[in-house]
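These notes are about the structure you will find just below.
These numbers were taken from a predicted model, which means no experiment stands behind them. All values below were derived from every heavy atom in this structure, side-chain atoms included, with hydrogens, water molecules and symmetry-related copies excluded. First listed ligand is number 1; within each ligand, the first listed atom is number 1. Numbers for residues simply follow the sequence, beginning at 1.
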Amino acid sequence: MDVKNIKTVGVLGCGLMGAGIAQIAAAAGYKTIAREVTQELADKGIGNIKKQLERNAAKGKITAEEKDKTIANLTGTASLDDLKNCDVIIEAITEDIKLKGEIYSYLDKICPAHTIFASNTSSLTITEMAAYTQRADRFCGMHFFNPVPVMKLVEIVKGVRTSDETFDTAFELGKALGKTPIAAKDNSGFVVNFLLVPYLLGAIRAVQNGTASIEDIDKGMMLGCGYPMGPLTLLDFVGIDTTYRIAEIMLKEYGESMYACPPLLRKMFMAGFYGKKSGKGFYDYSTGTPVVNPEIVNYIK
Ligand code: CAA
């Protein structure tokens, strides 16, 4: 399919990543249908996008007209059937292959032949997800970065059976969404997470080992390497739960100890310290200005 024929984009999941993807798709002029498990969650996701657009309009980054047009392009739904007329469906749900597989298998039956399925997976492979459908040639990866409206990159991933035509369309769609696409092979983590995840897990090991305080590890990487965020702040931003799942998947795929989940990450996951989204991770966000989470400091001392 030529990218010019894409009119309607479906987005599965309207959380941190899904909402960002829905926002840029609607802003690029596509009719965008974002699906969540309940209508309440879909409305919440769309509400977050509206708030972000209003902030952008208030700052003068977009005009009031652009904001209204983007909002008019957005619909939130709890029904998978509402995605049946989409030209492309971008999936951004939790990293659970069984769950993804069930949804792909259902959509495969109701969507027309031309619909491209693209996964925003961080660590699963495109080839294993495509196996749940009869359209492995029209299945690819489109991996965006958080915050989606700000980060310039999208990784376009070709699975074993992805056709060149599907890859080219996804690559052009990435550009139409205002991103810079790069081509990546279907190896777990693609380019960015292959390099980033061992670094983030290393930062957690440094906390466990008492190498330095949480703030100093962050300060070290910001001031020493010029990173915009320290690794522990970035972990809170990406999500402790998400990172935990990614590490488990990458360890299974590569069997290399650098992907092994540090005990502290597992404990934080079990304790519900998911990072910014839950209010607490390495930092506590409840007062507006993040402060180091005293429960973590207590636990590691
Ligand atoms: N959503 C939308 N826009 C946001 C935002 C959000 N969550 N957070 C910040 N922004 C915008 C702000 O509105 C601001 O825009 P203007 O300058 O035009 O007003 C701009 O981003 C900069 O924000 P701030 O001045 O508030 O803060 P900052 O300069 O510290 O930048 C940041 C914030 C862009 C997030 C920056 O800290 C950064 O680049 N951090 C690293 C992010 C990163 O590494 N992301 C990749 C994570 S890995 C991943 O996503 C893949 C995976 O599979 C795990």
Side-chain angles (χ1 to χ4, degrees), residues 13-27 45-63 66-67 70 90-96 100 118-126 141-157 177-180 182 184 187-201 203-204 218-219 221-223 225-250 253 259 261 265 269 274-277 281 283 285 288-290:
C14 202
L16 211 55
M17 297 301 287
I21 296 167
Q23 181 182 325
I24 60 167
I46 301 287
N48 287 339
I49 300 173
K50 284 183 186 161
K51 272 189 224 147
Q52 185 64 42
L53 290 169
E54 267 147 25
R55 267 200 295 269
N56 289 350
K59 278 187 191 170
K61 282 164 76 178
I62 55 170
T63 63
E66 283 166 335
K67 176 194 66 145
T70 303
I90 305 175
E91 168 269 314
I93 67 168
T94 191
E95 292 291 74
D96 177 336
K100 288 186 199 254
S119 178
N120 177 60
T121 183
S122 317
S123 50
L124 292 164
T125 65
I126 300 309
M142 288 188 83
H143 183 220
F144 295 87
F145 295 83
N146 184 22
V148 178
V150 178
M151 305 310 276
K152 291 278 167 238
L153 184 69
V154 58
E155 294 175 310
I156 309 296
V157 189
L177 294 175
K179 301 299 170 198
T180 302
I182 59 169
N187 289 337
S188 177
F190 315 129
V191 175
V192 174
N193 280 343
F194 184 74
L195 300 171
L196 180 66
V197 172
Y199 158 68
L200 294 178
L201 299 180
I204 302 174
D218 270 351
K219 224 182 260 172
M221 293 313 290
M222 288 173 75
L223 302 182
C225 293
Y227 290 178
M229 272 179 179
L232 303 164
T233 302
L234 184 54
L235 276 155
D236 278 357
F237 189 63
V238 168
I240 297 296
D241 52 335
T242 305
T243 309
Y244 172 74
R245 289 197 187 93
I246 295 175
E248 298 269 284
I249 294 166
M250 292 185 83
E253 182 80 7
Y259 296 108
C261 183
L265 176 60
F269 175 72
Y274 292 171
K276 220 172 163 185
K277 64 174 117 172
Y283 294 86
Y285 298 88
T289 314

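Considering N146, L196, L16 only, the shortest heavy-atom separation from atom 48 (S) of ligand 1 involves L196. Among G60, P149, G189, P147, the residue whose heavy atom sits closest to atom 5 (C) of ligand 1 is P147.
Only the side chain of L234 comes within 4.0 Å of ligand 1, judged by heavy-atom distances. No part of M17 comes within 4.0 Å of ligand 1, judged by heavy-atom distances. Under 4.0 angstrom from ligand 1, there are no non-hydrogen atoms of T242. Residue contacts with ligand 1 for H143 involve side-chain atoms from C-beta outward but no N, CA, C or O (heavy atoms, distance under 4.0 Å).
Applying the 6.0 Å contact sphere to NZ of K277 captures more than 12 heavy atoms from other residues, nucleotides or ligands.
The nearest pair of heavy atoms linking F190 to L124 is CZ-O, 3.9 Å.
Within a 4.0 Å radius of atom 15 (O) of ligand 1, the protein has at least one heavy atom. Not a single protein heavy atom sits closer than 4.0 Å to atom 20 (C) of ligand 1.
Among residues two or more places apart in sequence or in another chain, the salt bridge (Lys or Arg N to Asp or Glu O under 4.0 Å) test is passed with E248 by R266.
Two residues are said to be in side-chain contact when any heavy atoms from C-beta on lie closer than 4.5 Å; K179 and I24 meet this criterion.
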